[in-house]
Amino acid sequence: MKNFWITSTARSYPTLPYEKIKDDILGKGYTLSLAFVGGTRAQALNMEYRGKAYTPNVLSFPLDEKIGEIYITPTVAKKEAPKFSMTHKGYVGFLFIHACLHLKGLDHGDIMDKAEKKYCKKYGLR
């Protein structure tokens, strides 16, 4: 049974070992949908589900204990990456890791920061 897939309505997105990262953080039994979307779609999702009007870089939605969705906006990531001294590809990977950690149940803070650094290092994301 397939438990990971990527869809995209964005023009392009970086190639990374997304499924391997997902399995590493959430486990092979976790079912995850990853979608790369444009700014309009991301902003609409953010407004509909979070009541926020801005265009997000990433959104994650747990649907169940073992099922979730992640939406990444590559255009926003491209603009934000230099602020974090990261490449576009590295920052998209970071956002994916960040979203997976949220799906795992982590909240912003020291534990999440440490886990993000660990996985970014492991996957060579800069």
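Keep in mind that what you see is a predicted model, and the values were worked out from it rather than measured. Along the sequence shown, the residues carry numbers beginning at 1.
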Task: Exceeds 12 heavy-atom contacts within 6.0 angstrom, atom CD1 of Ile111 - done: no

Open item on the list: Atom CG of residue position Asp64 - does it have more than 12 heavy atoms of other residues, nucleotides or ligands inside 6.0 Å?
Closed with: yes

Residues in salt bridge (Lys or Arg N to Asp or Glu O under 4.0 Å) with [X], at least two apart?
X      : result
Asp113 : none
Lys121 : none
Lys79  : none

Task: Val76 backbone acceptor or donor facing Asn57 side chain under 3.5 Å - done: no

Task: Lys66 (side chain) donor-acceptor with Thr31 (main chain) under 3.5 angstrom - done: no

[X] side, atom [atom1]; [Y] side, atom [atom2] - distance, nearest 0.5 Å:
X     : Y      : atom1 : atom2 : result
Leu26 : Leu32  : CG    : CG    : 6.5 Å
Ile97 : Met112 : CD1   : CE    : 11.0 Å
Lys28 : Lys22  : NZ    : NZ    : 8.0 Å
Phe94 : Thr87  : CZ    : OG1   : 12.5 Å
Ile6  : Tyr13  : CD1   : OH    : 4.5 Å
Glu48 : Asn46  : CD    : CG    : 10.5 Å

Identify whether [X] and [Y] are in the same connected component of the hydrophobic contact network (ILVMFWY, side-chain heavy atoms under 4.5 Å).
X      : Y      : result
Tyr123 : Phe36  : yes
Phe4   : Tyr119 : yes
Tyr49  : Met47  : no
Leu45  : Ile70  : no
Leu34  : Phe61  : no

Might you point out which heavy atoms bring [X] and [Y] nearest each other, and give the distance in Å?
X      : Y      : value
Pro56  : Thr73  : O-OG1, 2.9 Å
His88  : Pro74  : NE2-O, 3.1 Å
Leu106 : Ala115 : CD2-CB, 4.4 Å
Val92  : Ala77  : CG2-CB, 3.7 Å
Gly90  : Leu125 : O-CB, 3.9 Å
Ala42  : Thr55  : CB-CG2, 4.2 Å

Among all residues two or more places apart in sequence or in another chain, which pass the ring pair (Phe, Tyr, Trp, His ring centres under 6.0 Å) test with [X]?
X      : result
Phe96  : Tyr18
Phe84  : Tyr91
His102 : His98, His108

Task: Pairwise side-chain contact, Tyr30 with Leu103, heavy-atom cut-off 4.5 Å (strictly under) - done: yes

Task: Any Val37 side-chain heavy atom under 4.5 Å of Gln43 side chain - done: no

